Amino acid sequence: MLLNQNNLQHLPEGVDRPTYDRSQLTAGIVHIGVGGFHRSHEAFYTDELLAQTGATDWGICGVGLREADRKIADVLKQQDYLYTLIIKHPDGKVEHRVIGSIVDFMLAADDANAVINKMADESTRIVSLTITEGGYHFNAATNEFDFTHPDVQHDLANPQQPKMVFGYLTEALRRRRANNLPAFTIQSCDNIQHNGNMTRKMLLAFAYQQDAELARWIENEVRFPNAMVDRITPVTTMSDIAALETSGITDAWPVVCEPFTQWVIEDTFANGRPQWEDVGAQFVADVTPYETMKIRLLNAGHSVLGLLGSIHGHETIDGCIADPLFATYLRRFMDIEATPVLAPVEGIDLEAYKSVLIERFGNPNVKDNLARICLESSSKLPKFLISTIMENLEKGGSVHYAALVIAAWCYYSDKGMSKDGVALDIVDEMKAELHQAAIQSQVDGLAFLKIESIFGDLASKTAFTEVYLPMLETLYHNPDIAQQMQALIGEPEALTA
Ligand code: CS2
């Protein structure tokens, strides 16, 4: 059965589907970056909200800023913006849930002006973002907005025809102000610590450069709630699509996810907000401890397994967890290096949180590919892992577990293959630069660490380099990374049932 509004009632029994009247919804939310994660998380919570509360003003209008978003634009349009969430439980149970909260989609490449007008429209009260860590144009070396990107330069010169997110937001806010409309809230859903503050800082840097008076208005009127977002969402595969078809739903682009989901949000909104707390989200005054915990344990944990596992020859996160060496390594990294630099989180038992993480990673049905995890490591690692290293260096804590991951990243960037010579699919905006620096590390062991926009001044910290350099050298002599992991942990433990 082809997935669309007319066919909703004919879908197989047992499939959850929207029972609310989608034709009555207005899009109070414009969302930029409709990837798998938005569709398994914010759109999921909002679908539940629409179903449970009968709210009608919080539909979602998706926006794609890149030409590459044309595929999702076409698929969603064909399916009346419906798609299936395939929720895979560790015991093999699979839930199918058709999500109805997205009610429209606009492709900026087709009509930038229409997208800006949509954001500037009175009915839009929140613009939310999943633009990935790299989308923020943040330079880790200077801690400032990176004006050097050609799209940024383009947007400063062409405010009416922007290319990047801050160009769109600034122009939409300009139009709202000109029309005496209240500002919207900008809600980041990316894995960045203080993602709201980061968005605010980057947007204001850009806006001040373009129009100081407007920038002051933005500074006073727009709200940027920080939030912690969480749901593991692997890349949808052809076999997921085929299995769904066998279950009676023809959906060109379903989304796969785990059952677990979490969203902790600071309650500062400019222009109203959905009652997401009615459907499981948590509103708090200060999200800091939650997001630090999540980024430094879950996301960093993923990167630890992703980079070490790629060299070793593992393909998926659950494959790593099934290997006691990797599971133990991860747990030790979390216990010895990540936990000591975390503040206590009210109401959360960190020991239990870590055990649950290992169980979630071990879900054998999610099949989260290491290639996805290692995607854009250059924008992930500074936030996920290098901050932990820096704080441990300040406190005299251990950096061994993380250092081996950085050494692995250097080797991976240089060779682009596993220890057994299997080619790895590396996707990173800085791929060429990483590769060059990694090659250089054969001559100057610190060359890789000297990429300042990623590592800051880590290359000058001897407490780190004296651990890192021998690991790197050993790895180049013998890429069997398991041996170095083994040397660090001693005996692996059985951590999962
Ligand atoms: C992953 C995340 O590669 C990554 O950045 O750690 O996509 C992770 O799966 C999600 O943040 C889970 O909430």
Side-chain angles (χ1 to χ4, degrees), residues 140 191 193 288-312 317 320-321 323-345 348-358 360-361 373-374 377 380-412 448-449 454-472 474-475 481-493 495:
N191 289 312
Q193 228 161 326
T288 313
Y290 298 91
E291 58 185 16
T292 318
M293 167 187 84
K294 192 257 171 171
I295 289 169
R296 291 185 174 184
L297 292 172
L298 188 153
N299 297 111
H302 261 166
S303 296
V304 165
L305 297 179
L307 289 163
L308 299 174
S310 295
I311 294 183
H312 183 70
I317 291 290
C320 291
I321 295 297
D323 178 342
L325 174 67
F326 278 72
T328 309
Y329 192 95
L330 173 65
R331 181 74 203 211
R332 296 277 169 80
F333 160 75
M334 296 197 292
D335 290 345
I336 298 172
E337 297 186 358
T339 308
V341 291
L342 290 177
V345 188
I348 292 191
D349 171 352
L350 275 182
E351 293 310 302
Y353 183 82
K354 289 185 276 191
S355 300
V356 168
L357 264 190
I358 292 186
R360 290 171 62 196
F361 284 7
I373 299 300
C374 295
S377 287
K380 291 177 180 173
L381 265 68
K383 282 129 196 152
F384 298 173
L385 188 65
I386 298 165
S387 51
T388 292
I389 296 176
M390 291 298 193
E391 282 187 36
N392 274 317
L393 289 173
E394 268 164 38
K395 290 183 163 181
S398 161
V399 292
H400 286 71
Y401 286 82
L404 185 60
V405 178
I406 305 292
W409 188 23
C410 177
Y411 181 87
Y412 159 102
F448 194 64
L449 295 186
I454 296 176
F455 295 104
D457 61 355
L458 191 58
S460 67
K461 312 250 181 209
T462 40
F464 183 77
T465 56
E466 65 196 14
V467 174
Y468 166 80
L469 285 172
M471 286 175 166
L472 188 67
T474 309
L475 194 55
I481 197 145
Q483 291 185 17
Q484 292 204 65
M485 294 169 68
Q486 185 80 60
L488 279 178
I489 65 168
E491 277 307 300
E493 292 165 29
L495 294 172

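Remember, it's a predicted structure, so these values are computed and weren't measured experimentally.
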Listed by chain and number, what are the side-chain hydrogen bond (donor to acceptor under 3.5 Å, both in side chains) partners of Lys383, not counting sequence neighbours? none
For side chain to side chain contact (heavy atoms under 4.5 Å, CB included), just list the numbers for Met390 and Phe464, CA-CA rounded to whole Å, side-chain angles, deciding distance to a tenth of an Å, and then say yes or no. CA-CA 9 Å; Met390 291 298 193; Phe464 183 77; over 6 Å; no
Check whether any side-chain heavy atom of Leu305 lies under 4.5 Å from a side-chain heavy atom of Ile321, and answer yes or no. yes
Could you list the residues that satisfy side-chain hydrogen bond (donor to acceptor under 3.5 Å, both in side chains) with Thr474, not counting sequence neighbours? none
Side-chain donor or acceptor of Gln484 paired with backbone N/O of Met471 under 3.5 Å: yes
Less than 4.5 Å apart, any side-chain heavy atom of Ile389 and any of Phe455? no
Measuring from atom CG of Leu298 to atom CE of Met334, what distance do you get when rounded to the nearest 0.5 angstrom? 9.0 Å
Taken in chain and number order and not counting sequence neighbours, the residues that satisfy side-chain contact (heavy atoms from CB on, under 4.5 Å) with Leu308 are Val304, Phe326, Tyr329, Leu404, Val405, Ala408, Ile481, Met485
Is there a donor-acceptor contact under 3.5 Å linking the side chains of Lys294 and Asn191? yes
Contact between His312 and Asp323 at the side-chain level, heavy atoms closer than 4.5 Å - yes or no? yes
Can you pull out every salt bridge (charged side-chain N to carboxylate O under 4.0 Å, His left out) where at least one residue sits in residues 458-471? Sequence neighbours excluded, please. Asp457-Lys461
Can you tell me how far the CD1 atom of Ile489 sits from the CZ atom of Arg331, to the nearest 0.5 Å? 13.5 Å
Ignoring hydrogens, what is the shortest heavy-atom contact between Val467 and Ala403? Give both atom names and the distance. CG1-CB, 3.9 Å
Search all heavy atoms of Cys374 against all heavy atoms of Ser310 and return the closest pair with its distance. SG-OG, 3.8 Å
Any side-chain heavy atom of Leu458 within less than 4.5 Å of one from Tyr468? no
Heavy-atom pair with the smallest gap, counting every atom of Thr388 and Ala338: CG2-CA, 4.1 Å
Under the ring pair (Phe, Tyr, Trp, His ring centres under 6.0 Å) test, residues paired with Tyr353 that sit two or more places apart: none
Over all heavy atoms of both residues, which pair between Phe384 and Ser303 is shortest? Give the atoms and the distance, please. CD1-OG, 3.7 Å
If the condition is salt bridge (Lys or Arg N to Asp or Glu O under 4.0 Å), which residues does Arg332 pass it with, not counting sequence neighbours? Glu493
Contact list for residues 390-410, test side-chain hydrogen bond (donor to acceptor under 3.5 Å, both in side chains), sequence neighbours left out: Arg296-Glu391, Glu337-Ser398
Heavy atoms only: give me the nearest Leu475-Ala407 pair and the separation to one decimal. CD2-O, 3.6 Å
Partners meeting side-chain hydrogen bond (donor to acceptor under 3.5 Å, both in side chains) with Gln483 (sequence neighbours left out): Asn478, Asp480
Write down the atom of Gly309, the atom of Cys320, and the distance for their closest heavy-atom approach. CA-SG, 4.3 Å
Only counting residues at least two apart or in another chain, list the ones meeting side-chain contact (heavy atoms from CB on, under 4.5 Å) with Leu469. Leu446, Thr465
For Ser460, which residues count as a side-chain hydrogen bond (donor to acceptor under 3.5 Å, both in side chains) partner, sequence neighbours excluded? none
In Å and rounded to the nearest 0.5 Å, what is the OG to OH distance from Ser377 to Tyr412? 5.5 Å
Rounded to the nearest 0.5 Å, what separates atom CG in Leu449 from atom CD1 in Ile406? 7.5 Å
Residue pair Asp335, Glu351: steps toward the side chain to side chain contact (heavy atoms under 4.5 Å, CB included) verdict: CA-CA 9 Å; Asp335 290 345; Glu351 293 310 302; 4.3 Å; yes
Does Leu342 reach the side chain of Leu297, with side-chain heavy atoms less than 4.5 Å apart? yes
